[in-house]
Amino acid sequence: MKILSWNVNSVRARLHLLEDLMHKESPDVILLQETKVLEAFPFEFFQTFGYKVHHWGQKSYNGVAIAARFPMTPAIEKDFLGHGEARYLECTIAGIRVASVYVPNGGALDHPAYAKKLEFMHHLAKHLHPYVDALQSTVVAGDFNIALSEEDVAVPMEWEGRILCSQAERNAMRCLLHEGWGDLIQGTLGKKNPYTWWPYQGKAWEQNKGLRIDYMLLSPFAMDRCQAGGTSVCWRGEPQPSDHAPVWAELRLEDSWK
DNA sequence: ATGTCACTGAAGCAGTGA
């Protein structure tokens, strides 16, 4: 089963790329972040290509979705900060638990949103804790808005001491990973980390001045069943792109789901 | 060089968030 996660920065503005992506990458499950829509979510569009969708959206901001070509269990929405922000959606598909996560950006280090971001990470780790050692696959993917280390930043000096790269953010991400989550892109593929986000500003894409802030975290049980994974960087170079690239993984299904 | 994109409300542009 191929699971793909993408911060689309408005689902309605990205239908042309989603259609292309569904044909070329053929994901069984699509985890979306920043759908930026409430009731106008394009459910029919996904249906046309054989996907059912769970969506937790908001007008203008945030919004997470799970689309799948397999039956899905009902979705769980977690409002970790109690602000009604649509940032975490979870369900189970063919025995695999999947979650679409959009961690708050945090604005700036001296902004109140920064503390909220760290608080969100704390709640997220706590919620995910029981899934780590379960005898079931869990895949947690999305935009974490944190570049784990200097290797995840093309030009570290430009980001030193800024949001996405502060010590406290990196610590929060590292603490989550230390619970036992596999950082698929870094851990399994072993090569130089591909970036997942290039700002729209300043020709960042053209100069490959990116950051790796999107992740696909696998529980140990899922890690053992992972056959492939990667970052589909090419979508960042298409017309009217999202500023993020998708990340994906392929998992072997348990016999009872084949 | 506050540089780019997408949203909203309100009117074809300003403010916000990323």
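Worth knowing before you read on, the calculation uses all heavy atoms, side chains too, and leaves out hydrogens, waters and symmetry mates. Per chain, numbering begins at 1; letters A, B, ... match sequence-line order.
If you measure from atom CG of L164(A) to atom P of dG17(B), you get 16 Å, rounded to the nearest angstrom. Distance CD (E169(A)) to C1' (dA18(B)): 14 Å, rounded to an integer number of Å. If you take CD of E85(A) and P of dC7(B), they are 18 Å apart, rounded to a whole angstrom. For the pair W159(A) CH2 and dA18(B) P, the computed distance is 13 Å after rounding to whole Å. We find that CZ of F144(A) is positioned 17 Å from P of dA18(B), with the value rounded to whole Å. Atoms CG (D243(A)) and P (dT4(B)) sit 14 Å apart, rounded to a whole Å.
Only the C1' atoms considered, dA10(B) is 12 Å distant from dG15(B), to the nearest whole Å. Annotation: dA6(B) and dA1(B) have their C1' atoms spaced 22 Å apart (nearest Å). The same atom, C1', is picked in dG12(B) and in dC7(B); the two are 16 Å apart, to the nearest Å. Separation of the P atoms belonging to dG3(B) and dA14(B) is 13 Å when rounded to the nearest angstrom. When the C1' atom is compared between dT2(B) and dA18(B), the two are found 14 Å apart, to the nearest whole Å.
In this structure, S219(A) and W181(A) have side chains that are in contact, with non-hydrogen atoms separated by less than 4.5 Å. Two residues are said to be in side-chain contact when any heavy atoms from C-beta on lie closer than 4.5 Å; F144(A) and T196(A) fail this criterion.
Residue-environment remark: NE2 (H129(A)) stays at or below the threshold of 12 foreign heavy atoms within 6.0 Å.
Considering only the side chain of R87(A), dA18(B) comes nearest among dT8(B), dA6(B), dA18(B). In the set dT4(B), dC7(B), dA18(B), the nucleotide with an atom closest to the side chain of Y102(A) is dA18(B). Side-chain proximity of Q201(A) to dT4(B), dT8(B), dC7(B): nearest is dT4(B). Closest approach to the S10(A) side chain among dA6(B), dT8(B), dA18(B) is made by dA6(B) (side chain taken as heavy atoms from C-beta onward). Closest approach to the Y61(A) side chain among dG9(B), dA18(B), dG17(B) is made by dG17(B) (side chain taken as heavy atoms from C-beta onward).
Remark: side-chain polar atoms of K2(A) are not paired, donor with acceptor, to backbone N or O of W248(A) under 3.5 angstrom.
At a threshold of 4.0 angstrom between heavy atoms, the contacts of K59(A) are confined to the sugar-phosphate backbone, with no base atom among them.
The ring-ring contact (aromatic ring centres under 6.0 Å, His included) test with F43(A) singles out one residue from F46(A), F41(A), F45(A), and that residue is F41(A).
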